Amino acid sequence: MTPEIEAAFAAIRDEYGPGSIDRVTRMLDADPRDRAPLQKQAKWIMPGISQKPWHDRYEHPEIAPVVRAFEAGHAAIREELAEAWAERRGRFSDYEHYLVRQEDWQALYLYRAGKPVLESEPLVPTAFRILQETAVDTELICPLLESHFSTLLPGAAIAPHCDLWNFSINLHLAVDIPEGCGISVAGEARRWTEGECLLFDYSFEHEAWNHGTRPRTCLLVDLWHPETTVPERKALTTLVTEVRRLTGEA
């Protein structure tokens with residue numbers, strides 16, 4: 001804990017109460033042996049969050065409006081994405097996952113480094129507007145992470161891995177899904193259904209694949225886990241931002 005983190009945490013406690021961020025501080029001292037087996041490789045697991053890999057897309061009142069808005073906009077989102085892929089392919093980039101860079105995994109970012117990627121708005125205006133109105137303006141998006149169109153080329157696979165932590169939740173809008181594609185989280189495989197969202201906790205080991213003959217595209221949005229509180233979100237943002245600064249990841 002640096003002096004900067006200590007000062008920020010003290011200010012949060014003053015505003016929200018002395019026990020408001022206890023789970024965050026307990027997370028820093030937690031024993032990885034207490035985790036679910038398929039979460040052991042994640043960097044941080046905050047205690048008190050349900051160890052639940054998959055979530056029903058409408059079960060969380062906070063997140064359901066985001067899900068419904070993206071599903072309602074699917075047709076326009078798919079059309080705009082197809083045009084961008086055909087005419088502005090240079091705006092897509094190899095996805096730089098913290099584990100690996102993959103040429104067969106392409107990304108078009110809508111939100112990154114804590115702010116919208118304004119250059120993407122003219123390419124995919126419907127997705128950009130829905131993201132801004134339902135997730136950015138409402139502060140449901142996790143500013144430590146991102147939102148992007150994720151395109152797996154035919155034959156591509158994402159190896160099994162755990163992502164960084166359990167205090168955010170991943171939303172996938174199935175934009176364009178050929179046959180032969182799937183995703184597995186904590187050993188349970190599912191298939192995307194075009195126009196619908198999947199929600200999962202990606203601190204659990206997961207993988208994805210495209211065994212089809214054309215690209216598979218989902219729109220990914222990293223949201224705060226609905227079981228986190230406002231003071232916890234403030235504390236976690238301060239903590240991770242400072243750790244990244246100290247380690248040169250910022």
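Here the structure is a predicted model, which is why all the values come from computation and not from measurement.
Relative orientation of the W165 and W44 rings is parallel, given thresholds of 30° and 60° on the angle between their planes.
Looking at L38 and C162, their side chains never come closer than 4.5 Å, going by heavy atoms from C-beta outward. T193 is not listed as a side-chain neighbour of I177, based on a closest heavy-atom distance of 4.5 Å or more. The closest side-chain heavy-atom distance from H225 to H55 is below 4.5 Å. Between L110 and V117 there is no side-chain heavy-atom pair separated by less than 4.5 Å.
A salt bridge does not link E71 to R68: none of the charged side-chain nitrogens sits closer than 4.0 Å to a carboxylate oxygen. Looking at E62 and R233, a side-chain N of the basic residue comes within less than 4.0 Å of a carboxylate O on the acidic one, giving a salt bridge. Looking at K52 and E59, a side-chain N of the basic residue comes within less than 4.0 Å of a carboxylate O on the acidic one, giving a salt bridge.
I21 approaches P231 most closely through the heavy-atom pair CG2-O, 3.5 Å. Minimum heavy-atom separation, R26 to P47: NH2-CB, 3.5 Å. The heavy-atom pair separating T126 from E80 by the smallest distance is OG1-OE2, 2.8 Å. Shown here for G212 and P154, the closest heavy-atom pair between the two residues is O-CB, 3.4 Å. Closest approach of A107 and H148 over heavy atoms only: CB-CD2, 3.8 Å. Listed here is the closest heavy atom pair of E194 and H74: OE1-CE1, 4.1 Å.
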Check: Going through the distances and angles, do T228 and I49 end up as a side-chain contact (heavy atoms from CB on, under 4.5 Å)?
Finding: CA-CA 8 Å; T228 59; I49 291 179; 3.9 Å; yes
Notebook entry, point to check: Hey, mind stepping through D104 and L152 against side-chain contact (heavy atoms from CB on, under 4.5 Å) and telling me if it holds?
Noted result: CA-CA 6 Å; D104 56 6; L152 282 184; 5.6 Å; no
Notebook entry, point to check: For D163 and H206, what are the C-alpha separation, side-chain angles and deciding distance, and is it a side-chain contact (heavy atoms from CB on, under 4.5 Å)?
Noted result: CA-CA 9 Å; D163 277 306; H206 57 284; 3.0 Å; yes
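Counting only residues at least two apart or on different chains, the side-chain hydrogen bond (donor to acceptor under 3.5 Å, both in side chains) pairs with a member in residues 171-189 are R78-D176, N170-H172, H172-W192, D176-R214, E188-R190. Sequence neighbours left out, the pairs with a member in residues 12-21 that pass side-chain hydrogen bond (donor to acceptor under 3.5 Å, both in side chains) are Y16-K234.
No path of Ile, Leu, Val, Met, Phe, Trp and Tyr side chains, each step under 4.5 Å between heavy atoms, connects L220 with V185, placing them in separate hydrophobic clusters. No continuous path of hydrophobic side-chain contacts links F167 to L140 [ILVMFWY only; heavy atoms under 4.5 Å]. In the hydrophobic clustering of this structure, L199 groups with V221; members are Ile, Leu, Val, Met, Phe, Trp, Tyr whose side-chain heavy atoms approach within less than 4.5 Å, directly or through other members. Note: the hydrophobic cluster containing V175 also contains L123 (ILVMFWY, side chain heavy atoms under 4.5 Å, direct or indirect links). Under the 4.5 Å side-chain heavy-atom criterion for grouping Ile, Leu, Val, Met, Phe, Trp and Tyr, L81 is connected to L131 within one hydrophobic cluster.
For the pair E139 (side chain) and V136 (backbone), a donor-acceptor distance under 3.5 Å is absent. The main-chain N or O of L145 is never found under 3.5 Å from a side-chain atom of D222 such that the two would form a donor-acceptor pair.
For S120 and Y111, the side-chain atoms include no donor-acceptor pair closer than 3.5 Å.
Residues satisfying the side chain to side chain contact (heavy atoms under 4.5 Å, CB included) criterion with A7, sequence neighbours excluded, are absent altogether.
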